[in-house]
Amino acid sequence: MMINYFQRVNISAGIVPMTQSTAGAPFYNWDTSQKSLILSSFFWGYVLSQVPAGLLARRFGAKVVLGSATATGGILCFFHPMAANSGWESICALRVLTGLVQGSVYPCVHTLLAKWVPRTERGLLTTGVYSGAQFGTAVILVTSGFIFESTIGWPGLFYLSGGLSLAWALLFFWQAANEPSTASRIRKCEKEYIESLTGSNSANQSMPVPWMSIFNSPAFYGLLAAHCGFTWGFYTLLTEMPTYLSSVLQLNVKSNAFLSSLPYFAMGLLCFVVSPISDLLINRGTISITTARKLFNSIGQWGPMACLIGLGYMTADEKTWAILLLTLAVGINAGCSCGYLINHIDLSPNFAGPMMGVTNGIAGVTSIVAPLVVGAIISDEEDPSQWRMVFFITGGIYLVCNTLFVIFGKATIQLWNEPPSTSSTMTLRSNLENDSRSIAPTSDKDNRF
């Protein structure tokens with residue numbers, strides 16, 4: 001997740017020095033509209049590959065798809081400086097290609113998590129994996145300032161991203177496994193423990209995806225709304241924060257890079273605070289899984305909504321408060337890691353990958369629209385009142401989308417997770433067990449770990 005977010009975020013960090021005169025590095029006179037197109041073009045390819053990637057991961061295994069996509073994205077990183085010299089249209093085209101290969105990340109990782117993560121540890125372990133997105137974002141942003149001021153300049157950011165991606169892909173091909181049954185370095189008792197508590201059946205690998213049942217499920221639409229809300233808010237701030245810090249708060253490149261990374265470090269750390277609390281509340285029977293998902297998702301979206309409303313009234317004279325609110329607005333998003341983000345696995349362990357492909361693909365459309373909306377609103381990047389409108393729109397989307405999740409969301413295994421031949425009585429019993437007030441393992445086999 002860290003490595004793939006290096007590929008995703010490097011342009012958000014690099015767009016500022018790429019359009020400013022710095023010693024020894026080329027720069028380009030791209031206007032606000034062109035920069036918005038560059039920042040959003042990644043998602044044009046990203047939304048197209050989500051569903052195919054989920055299906056490919058089920059057909060050929062997530063290991064091959066994810067490893068190949070990361071390696072290909074790393075190669076594309078090396079061509080970014082050359083594309084920028086050819087014009088903003090060329091860099092847009094390269095970002096579309098990067099988005100196409102990056103579209104496989106979440107469906108593949110979700111497919112792997114559905115196979116590997118026991119439900120009693122789902123909050124902590126899933127959050128641990130996905131926190132790599134926040135730490136990857138933070139690392140690339142905090143180091144970018146030093147890279148920009150070094151002799152290699154902003155092109156070095158893309159070269160380093162590419163090199164690390166290729167190195168990781170080789171390591172992943174060597175060490176990874178699609179599921180416990182194919183892992184060479186795992187004990188039999190551990191394999192049985194994981195398989196008994198995941199709910200993902202390798203025997204059902206050839207099952208067709210029940211698309212009609214998925215699209216007729218109210219719980220799926222609640223999940224989709226929450227995913228769209230998070231994506232709009234997260235990527236609005238991710239793509240526009242460096243520009244906001246530079247233009248409104250008037251911070252230099254190095255300060256900008258450090259402060260842009262701070263919210264993502266906060267989010268990554270808070271992920272490890274909220275996830276064990278969520279698992280503890282569920283495993284002790286304090287609240288049901290459904291209640292936990294809705295509670296933590298509400299914290300993760302309504303909390304940032306309040307911060308963005310306050311941020312809309314900040315000026316350059318109130319840097320400290322503005323930075324604090326920005327940090328909280330992104331950091332509190334950590335609650336969503338125990339909310340919508342793992343709800344696909346709650347609803348259907350067997351089809352978590354394809355479901356993630358659908359919701360992430362549709363939510364990816366908001367990633368395209370959000371920077372374009374910002375570009376349409378912001379005519380003067382130094383005008384706080386124009387940024388206020390951006391923050392208010394983002395807060396409103398958080399409010400509406402999480403409300404839909406609270407109304408329609410569930411966290412019980414759905415009937416269509418199993419083959420049609422499976423007894424409906426057994427599936428309904430599984431639903432009740434998985435959303436009971438305690439899901440702690442009770443059998444001797446479950447207690448081995």
Side-chain angles (χ1 to χ4, degrees), residues 1-4 53-70 104-133 135-136 168-169 171-207 209 271-272 275-276 278-279 282-283 289 293 337-338 340-357 360 411 413 417-418 430 434 439-441 443 445-449:
M1 289 304 296
M2 285 188 68
I3 293 296
N4 278 284
L55 297 176
L56 287 172
R58 272 182 58 81
R59 177 67 179 83
F60 300 106
K63 172 183 175 179
V64 173
V65 180
L66 180 59
S68 300
T70 304
S104 66
V105 174
Y106 275 91
C108 287
V109 172
H110 240 49
T111 298
L112 290 170
L113 291 173
K115 298 288 187 183
W116 280 97
V117 176
R119 67 175 184 269
T120 50
E121 305 171 63
R122 190 168 286 165
L124 178 61
L125 296 182
T126 302
T127 298
V129 171
Y130 280 124
S131 67
F135 286 118
W168 178 87
L171 180 64
F172 186 68
F173 279 125
W174 174 38
Q175 289 289 327
N178 286 314
E179 55 190 344
S181 62
T182 61
S184 59
R185 297 176 178 85
I186 185 172
R187 288 177 292 169
K188 182 180 178 181
C189 58
E190 184 181 3
K191 179 177 75 72
E192 292 175 349
Y193 166 76
I194 294 172
E195 290 179 341
S196 69
L197 286 174
T198 56
S200 181
N201 189 349
S202 59
N204 297 336
Q205 191 75 13
S206 60
M207 282 174 54
V209 180
C271 282
F272 290 98
S275 58
S278 174
D279 281 347
I282 293 170
N283 291 332
I289 305 176
R293 300 294 182 251
S337 65
C338 297
Y340 88 88
L341 186 58
I342 51 179
N343 194 224
H344 309 75
I345 305 175
D346 295 327
L347 296 177
S348 178
N350 284 324
F351 302 106
M355 284 179 63
M356 171 58 86
N360 206 30
I413 294 181
N417 179 64
E418 302 295 338
S430 177
N434 282 346
I439 62 168
S443 71
K445 182 173 67 176
D446 291 347
N447 281 325
R448 291 178 185 177
F449 290 86

Between [X] and [Y], what is the shortest heavy-atom contact and its length?
X      : Y      : result
Gly67  : Phe173 : C-CZ, 3.5 Å
Ala62  : Cys108 : CB-O, 3.5 Å
Glu121 : Tyr193 : OE2-OH, 2.8 Å
Asn417 : Leu347 : CB-O, 4.4 Å
Ala53  : Ser104 : CB-CA, 3.4 Å
Ile194 : Trp116 : CG2-O, 3.4 Å

**Message:** If we ignore hydrogens and angles and just use 3.5 Å, is the side chain of Lys115 paired with the main-chain N or O of Pro180 as donor and acceptor?
**Reply:**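 Here the side-chain-to-backbone pair does not exist.
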**Item:** Met356 backbone acceptor or donor facing Asn360 side chain under 3.5 Å
**Value:**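 Answer holds: no.
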**Prompt:** Once the angle between the rings of His110 and Tyr130 is folded into 0 to 90°, is it parallel (under 30°), tilted (30 to 60°) or perpendicular (over 60°)?
**Reply:**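 It falls in the tilted class, 30° to 60°.
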**Request:** Name the orientation class of the two ring planes belonging to Tyr340 and His344 (parallel below 30°, tilted from 30 to 60°, perpendicular beyond 60°).
**Result:**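 Geometry flag for His344 against Tyr340: perpendicular rings.
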Would you call [X] and [Y] a side-chain contact if the rule is heavy atoms closer than 4.5 Å?
X      : Y      : value
Gln175 : Arg185 : yes
Ile345 : Val117 : no
Thr70  : Phe172 : no
Arg59  : Val65  : no

So, taking the atom named [atom1] in [X] and the one named [atom2] in [Y], what distance separates them when rounded to the nearest 0.5 Å?
X      : Y      : atom1 : atom2 : answer
Cys338 : Ile282 : SG    : CD1   : 8.0 Å
Met355 : Asn350 : CE    : CG    : 11.5 Å
Tyr106 : Leu113 : OH    : CG    : 11.0 Å
Lys63  : Thr182 : NZ    : OG1   : 8.0 Å
Glu179 : Lys191 : CD    : NZ    : 9.5 Å
Asn343 : Ile289 : CG    : CD1   : 10.0 Å

**Message:** Determine whether Thr111 and Leu66 satisfy the following criterion, side chain to side chain contact (heavy atoms under 4.5 Å, CB included), listing intermediate values before the conclusion.
**Reply:** CA-CA 11 Å; Thr111 298; Leu66 180 59; over 6 Å; no
**Prompt:** After noting the C-alpha distance and the side-chain angles of Arg58 and Val209, does the key distance pass the side chain to side chain contact (heavy atoms under 4.5 Å, CB included) rule?
**Reply:** CA-CA 10 Å; Arg58 272 182 58 81; Val209 180; 4.2 Å; yes
**Asked** After noting the C-alpha distance and the side-chain angles of Phe135 and Met1, does the key distance pass the side chain to side chain contact (heavy atoms under 4.5 Å, CB included) rule?
**Response** CA-CA 9 Å; Phe135 286 118; Met1 289 304 296; over 6 Å; no
**Message:** If you apply the rule side chain to side chain contact (heavy atoms under 4.5 Å, CB included), what do you find for Arg119 with Ile342, and how did you get there?
**Reply:** CA-CA 10 Å; Arg119 67 175 184 269; Ile342 51 179; over 6 Å; no
